[in-house]
Amino acid sequence: WYQRRVLNLAHQSLGDRYQYDALRAFIELNSTIQVLNLDGNELDDICDLNLDNVKRLYLSGNNFASFSSLPAMPRVEELYLKKNFITGTYGLTREKFPCL
């Protein structure tokens with residue numbers, strides 16, 4: 001059984017509800033993903049995604065307004081969020097992101 005470690009879904013219109021539901025189901029089936037690229041997808045909240053094993057996450061060019069729109073990620077070491085609407089550190093806690 002092949003387990004994915006890297007997944008590039010940049011610019012796939014995942015902000016659309018139908019596409020997002022498919023993304024959520026795919027990630028549930030591929031929980032070993034360590035590098036995930038979701039750049040440019042018009043996303044504004046991904047709290048319901050299980051990203052426990054992700055170490056590097058690309059979210060640039062989306063619609064995030066705060067870190068509270070992100071799930072807890074106990075293993076994330078790199079988080080890319082340029083070109084979003086985040087203006088402060090609200091939701092950025094050591095409990096939520098212990099490896100940052």
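Heads up: numbering here begins at 1 and tracks the sequence. Quick caveat, the model's predicted, so the values are computed rather than measured.
- Residue K55 places its NZ atom among 12 or fewer non-hydrogen atoms of other residues, nucleotides or ligands, all under 6.0 Å distant.
- In this structure, SG in C99 is found 9.5 Å from CZ in R94, a value given to the nearest 0.5 Å.
- With contacts defined as side-chain heavy-atom distances shorter than 4.5 Å, the pair I33/R5 does not qualify.
- For the atom pair M73 CE and K96 NZ, the distance stands at 7.5 Å (nearest 0.5 Å).
- Panel note: side chain N41, backbone L9; a donor-acceptor pair is recorded below 3.5 Å.
- Note on residues 36-63: pairs passing ring pair (Phe, Tyr, Trp, His ring centres under 6.0 Å), not counting sequence neighbours, are Y58-Y80.
- Remark: S69 OG to Y90 OH distance equals 10.0 Å, nearest 0.5 Å.
- Taking every heavy atom of both residues into account, F64 and L81 meet most closely at CD1-CD2, 4.4 Å.
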Go through it in stages, so that I can follow the logic: the residues are L51 and L36, the test is side-chain contact (heavy atoms from CB on, under 4.5 Å), and I'd like the CA-CA distance, side-chain angles, deciding distance and then a yes or no. CA-CA 9 Å; L51 303 178; L36 180 59; 3.8 Å; yes

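- Between the side chain of N37 and the backbone N or O of N8 there is no donor-acceptor pair closer than 3.5 Å.
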Checking side-chain contact (heavy atoms from CB on, under 4.5 Å) for the pair L57/V35: CA distance, chi angles, key distance, verdict? CA-CA 6 Å; L57 181 60; V35 178; over 6 Å; no

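- The closest donor-acceptor contact from the side chain of S68 to the backbone of G91 lies at 3.5 Å or more, if one exists at all.
- Rounding to the nearest 0.5 Å places OG of S60 at 8.0 Å from NZ of K83.
- More than 12 non-hydrogen atoms from other residues, nucleotides or ligands lie less than 6.0 angstrom from CZ of F26.
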Between R75 and D52, does a salt bridge (Lys or Arg N to Asp or Glu O under 4.0 Å) hold up when you go through it step by step? CA-CA 6 Å; R75 291 181 180 86; D52 287 351; 5.8 Å; no

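- Between the CG atom of N84 and the CG atom of D44 there is a distance of 10.0 Å, given to the nearest 0.5 Å.
- Once rounded to the nearest 0.5 Å, the distance linking OH of Y20 with CD of E42 reads 14.5 Å.
- Closest approach of Q12 to Q19, counting heavy atoms only: O-NE2, 3.4 Å.
- When all heavy atoms are compared, the tightest approach of P71 to F97 is O-CE2, 3.7 Å.
- Between F67 and the choices L100, T93, I86, the side chain to side chain contact (heavy atoms under 4.5 Å, CB included) rule is met once, by I86.
- Taking the side chain as every heavy atom from C-beta outward, L79 and L59 approach each other to under 4.5 Å.
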Apply side-chain contact (heavy atoms from CB on, under 4.5 Å) to D45 and L70, showing your working. CA-CA 6 Å; D45 190 316; L70 306 176; over 6 Å; no

Between L43 and L38, does the side-chain contact (heavy atoms from CB on, under 4.5 Å) criterion hold? Intermediate values first, please. CA-CA 8 Å; L43 298 169; L38 298 175; 4.1 Å; yes

